[in-house]
Peer 1: 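Input: one structure, supplied below.
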Amino acid sequence: MENSQDRGGVGYWRNWLSFAGIGLLFVGFLSGGFLFAFELVSGQTTPYLGVLYLLFTVLIVAGFVLVPIGMIRTRRARKTGMHPGALSEYRFDLNLADHRYVALSFLVVGSLVVLLTGIGSYKSFQATESVAFCGQLCHEVMNPEWVRYNASPHARVRCAECHIGAGADWFVKSKLSGLRQVWAVAVNSFSRPIPTPIHDLRPARETCEECHWRRKFTGFKELVRAYSLSNEENSVHHMRMLIKIGGEQTTFLKGSGIHYHMLIANKVEYIPVDESRQEIAWVRVERGDGGVTEYRNQEFDLSDDELATRERRTMDCMDCHNRPAHQYPTPVLSVDRAIEEGQISRDIPYIKVQAVKALSTAYGGVDAAVVGIANAVRQYYQEEYPEFIGKRSAELTSAIRKIQEIYQQSIFPEMQADWSAYPDNIGHLDSPGCFRCHNEDMQAEETGHTIFTTCNKCHLILAQGDQIDQVNVNLEEGLAFVHPEDFETIEEFSLCSECHTGGSDVYE
Ligand code: HEC
Ligand code: HEC
Ligand code: HEC
Ligand code: HEC
Ligand code: HEC
Ligand code: HEC
């Protein structure tokens with residue numbers, strides 16, 4: 001029989017270094033295992049769990065390195081006949097009282113480690129899984145999305161539900177991209193603003209449609225807006241309209257309404273020209289009855305070869321609802337709301353224009369903006385309406401406070417995130433939106449037909465102007481739109497966003 005000294009290396013691991021390595025392996029595998037089990041059982045995850053897995057992987061790798069180093073050292077020590085280290089001389093014998101004591105301590109310490117690792121993994125899991133973690137871990141980077149998310153109709157939907165969804169492949173994909181993001185933050189290499197569209201965002205079918213039913217008949221939605229005009233009185237101009245959202249069932253609504261694009265019976269595909277998909281070169285529709293039409297934008301006029309090399313997308317929810325959880329309201333919209341709610345007094349002359357101008361200026365930082373807004377607005381009134389610096393100063397002070405608050409809630413200079421970086425594709429006033437395809441340049445090859453731009457095919461105006469309580473319209477046609485710039489009616493197409501940008505450009 002060979003003695004333990006020569007058992008082909010079997011005993012080499014018995015040294016403190018290898019022991020420590022085995023301990024690390026144990027904790028690493030155990031924590032990882034626990035975390036994985038929690039994810040599986042709860043069916044929930046976030047990309048940031050990747051950070052934890054990374055940590056456990058480091059432990060495991062360190063363990064794998066330490067064990068052989070210890071073994072090599074022991075082997076060398078034995079070969080050279082030196083004292084191989086106290087550990088290898090132990091014999092374990094439960095008949096000996098102090099060996100029993102050691103065994104018991106091992107058992108207790110071992111169970112404690114298992115227990116603590118379990119609790120630790122569970123706590124970390126809960127932490128990364130929470131919405132606050134996603135939004136606040138990388139405070140600077142995610143702050144804009146976090147603030148806007150909390151003001152959105154989806155403030156109760158967890159980030160992971162839209163950004164990750166369920167299933168093993170996306171689980172792995174999101175882990176990798178989570179790691180990449182953490183790295184980008186660590187080395188400060190992320191872009192400002194974060195570029196959209198997000199290319200590895202999961203298809204709407206597997207996120208939005210887990211909660212929203214695409215065949216649902218949504219009917220009409222009433223939209224009521226109160227604009228404050230740019231005159232001295234900031235006079236109010238209302239717009240009350242029915243948006244024809246529609247859906248599968250079409251008894252009340254001629255055609256199928258706006259949700260036509262994503263109905264199962266129709267397929268709309270398009271090829272964008274730019275990264276942000278704001279300019280579209282080509283559109284193809286395949287209708288339920290088998291009819292197919294291809295439209296090309298005459299303005300870009302790309303050749304077939306050029307088109308073939310570009311991304312071709314099938315339209316889904318996110319092509320219109322691109323801001324379901326992070327909408328950055330425009331200065332015009334925010335100021336209109338604040339005046340309507342009485343938080344900015346309509347009695348301050350030209351306050352609409354002054355507020356929008358103050359919000360459309362670049363300041364380089366939030367603190368500078370807070371000071372800059374107050375200075376700019378005060379200076380204007382000092383020169384033009386000094387009573388607002390004197391006896392009516394309280395009114396102006398509270399208006400300024402509200403303008404500063406709007407800035408802090410919707411404009412994020414450190415990430416360059418605001419309404420102009422992230423246009424909303426619903427509508428067509430401040431960015432092309434629907435008019436990316438519904439315009440005069442997008443024409444069918446043979447016939448020259450355009451995708452319609454007729455105003456009342458998408459919505460019906462019920463009332464507009466200063467009186468909107470009385471509604472008396474033909475529900476087939478609605479009213480013709482009166483443009484509050486010159487109070488003339490507009491019925492033909494014009495690209496609204498050429499003048500309306502959401503900021504103060506419209507007043508120039
Ligand atoms: C209702 C679904 C939904 C929820 C909930 C949601 N997001 Fe988003 N998020 C989106 C969509 C859609 C986009 C835009 C995708 C595009 O344009 O490609 C987006 C974009 C983003 C972007 C890119 C920058 C930007 O502003 O567009 C970040 C960062 C982001 N989300 C983080 C978060 C965080 C953090 C949370 C939770 C606090 C969250 N999201 C919750 C749907 C959601
Ligand atoms: C986990 C479920 C869930 C997911 C996923 C989800 N939503 Fe929603 N969504 C809701 C709920 C709940 C509401 C109603 C909120 C309310 O009325 O306060 C809502 C409201 C909406 C509204 C109406 C908003 C308004 O102004 O009232 C739109 C549009 C919408 N969702 C689009 C989307 C899109 C697009 C996606 C995918 C990016 C999505 N949702 C993903 C649950 C979800
Ligand atoms: C062609 C653009 C377009 C597409 C594609 C689209 N929507 Fe909409 N959707 C709209 C418009 C426009 C409205 C009216 C919105 C408004 O005024 O806020 C709307 C309204 C809604 C509402 C709110 C209804 C309400 O009563 O407030 C929900 C929910 C919704 N859409 C879900 C979806 C889902 C889910 C998908 C994908 C399956 C989808 N939409 C695809 C344009 C679109
Ligand atoms: C990517 C291009 C594209 C975008 C963006 C787009 N549409 Fe369309 N839309 C189409 C095409 C193509 C058709 C079908 C035209 C045809 O039948 O030839 C269509 C048809 C429609 C219809 C007619 C439905 C029916 O019953 O006939 C409505 C309503 C509509 N769109 C509203 C909207 C609204 C509102 C938006 C913006 C929120 C929008 N569209 C954005 C391409 C687009
Ligand atoms: C392809 C569909 C479509 C066509 C064509 C269309 N609109 Fe719209 N429009 C919309 C949608 C969708 C909204 C709702 C945006 C929202 O919910 O914020 C809207 C909103 C509006 C608003 C309110 C804007 C705001 O945000 O305050 C006005 C005003 C308006 N449209 C006027 C017109 C006029 C005038 C025409 C004809 C020249 C026209 N629209 C053609 C889809 C369309
Ligand atoms: C040639 C430039 C131009 C175009 C194009 C244009 N507008 Fe305007 N619009 C203006 C100006 C300037 C005002 C400011 C009037 C004021 O506030 O006194 C205005 C005001 C408005 C208002 C009042 C609310 C506000 O923001 O002050 C609405 C609503 C509006 N326009 C809708 C539209 C729509 C819808 C279209 C496209 C169909 C459109 N406009 C196209 C220049 C334009």
Side-chain angles (χ1 to χ4, degrees), residues 131-132 134-136 138 141-142 144-146 148-150 152-163 181 193-199 201 204 207-208 211 225 227-231 235 237 239 243-246 250 253-261 266 268-270 272 276-277 280 283-285 287 291 293 295 313 315 317-326 328 332-333 336 352-353 415 417 421-422 425-430 432-438 442 444 449 451-452 455 457-459 464 481 483-486 490 492-500 506-508:
V131 162
C134 286
Q136 293 175 315
C138 323
V141 187
M142 295 284 183
E145 284 72 28
W146 170 244
R148 297 316 311 159
Y149 161 84
N150 282 300
S152 86
H154 290 105
R156 297 285 171 278
V157 176
R158 280 180 297 105
C159 318
E161 231 147 336
C162 292
H163 284 278
Q181 288 164 24
I194 299 172
T196 50
I198 305 176
H199 288 281
L201 202 66
T207 53
C208 317
C211 298
R225 294 265 151 96
Y227 310 106
S228 292
L229 300 185
S230 63
N231 49 28
S235 56
H237 183 93
M239 174 61 59
I243 312 283
K244 300 175 169 180
I245 304 173
T250 57
L253 200 60
K254 291 229 168 77
S256 36
I258 295 169
H259 275 171
Y260 166 92
H261 309 74
N266 307 302
V268 177
E269 294 170 288
Y270 71 90
S276 59
R277 301 185 187 140
I280 292 175
V283 179
R284 179 177 189 274
V285 54
R287 299 180 196 84
T293 312
Y295 300 90
R313 230 185 105 78
M315 215 172 164
C317 319
M318 254 93 89
D319 289 293
C320 297
H321 297 281
N322 63 333
R323 304 270 121 219
H326 324 284
Y328 299 82
V332 168
L333 184 62
D336 279 344
K352 166 77 185 284
V353 177
M415 284 303 295
Y422 297 119
N425 291 337
I426 293 278
H428 51 78
L429 186 60
D430 313 304
C434 313
F435 292 176
R436 289 173 298 162
C437 298
H438 293 257
M442 193 69 83
H449 275 311
I451 306 178
F452 70 90
C455 313
K457 277 193 90 166
C458 294
H459 43 58
Q464 58 192 328
F481 174 63
H483 192 213
E485 184 195 15
D486 47 14
I490 297 189
E492 308 91 73
F493 177 78
S494 81
L495 192 58
C496 319
S497 56
E498 245 160 36
C499 302
H500 294 271
V506 71
Y507 305 124
E508 253 113 64

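Whatever order the structure lists them in is the order used to number ligands and atoms, beginning at 1. Below, each value reflects all heavy atoms present in this structure, side chains not excepted, and no hydrogens, waters or symmetry copies.
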Peer 1: Suppose we only allow N, O or S atoms; which atom of His483 ends up nearest to atom 8 (Fe) of ligand 6?
Peer 2: NE2
Peer 1: Does His449, at its NE2 atom, have more than 12 non-hydrogen atoms belonging to other residues, nucleotides or ligands within less than 6.0 Å?
Peer 2: no
Peer 1: For ligand 4, is there an atom lying under 4.0 Å from some heavy atom of Val283?
Peer 2: yes
Peer 1: Taking N or O atoms only and a 3.5 Å limit, does His326 qualify as a polar contact for ligand 1?
Peer 2: yes
Peer 1: Taking a cutoff of less than 4.0 Å between a non-hydrogen atom of the residue and any ligand atom, is Phe435 in contact with ligand 4?
Peer 2: no
Peer 1: So, does Phe493 sit close enough to ligand 6 that a heavy atom of it is under 4.0 Å from the ligand?
Peer 2: no
Peer 1: Answer with yes or no whether the side chains of Thr293 and Arg287 bring together a donor and an acceptor at under 3.5 Å.
Peer 2: yes
Peer 1: Side chain, backbone, both or neither: which part of His500 comes within less than 4.0 Å of ligand 6 when only heavy atoms are counted?
Peer 2: side chain
Peer 1: With rounding to the nearest 0.5 Å, note down the distance linking OH in Tyr270 to CZ in Arg277.
Peer 2: 4.5 Å
Peer 1: Give the contacting part of Arg148 toward ligand 1: side chain, backbone, both or neither, where contact means a heavy-atom distance below 4.0 Å.
Peer 2: neither
Peer 1: Of the backbone and side-chain N, O or S atoms of His438, does one lie nearer to atom 8 (Fe) of ligand 4 than 2.8 Å?
Peer 2: yes
Peer 1: With heavy atoms only and a cut-off of under 4.0 Å, state how Pro197 meets ligand 1: side chain, backbone, both or neither.
Peer 2: both
Peer 1: Arg158 to ligand 1: N or O pair under 3.5 Å?
Peer 2: no
Peer 1: Answer yes or no: does an N/O atom from Arg323 fall short of 3.5 Å to an N/O atom of ligand 1?
Peer 2: yes
Peer 1: Would you please determine whether Arg287 falls within less than 4.0 Å of ligand 4 on a heavy-atom basis?
Peer 2: yes
Peer 1: For atom 4 (C) of ligand 4, which of Gly246, Ala444, Cys437 has the closest heavy atom?
Peer 2: Cys437
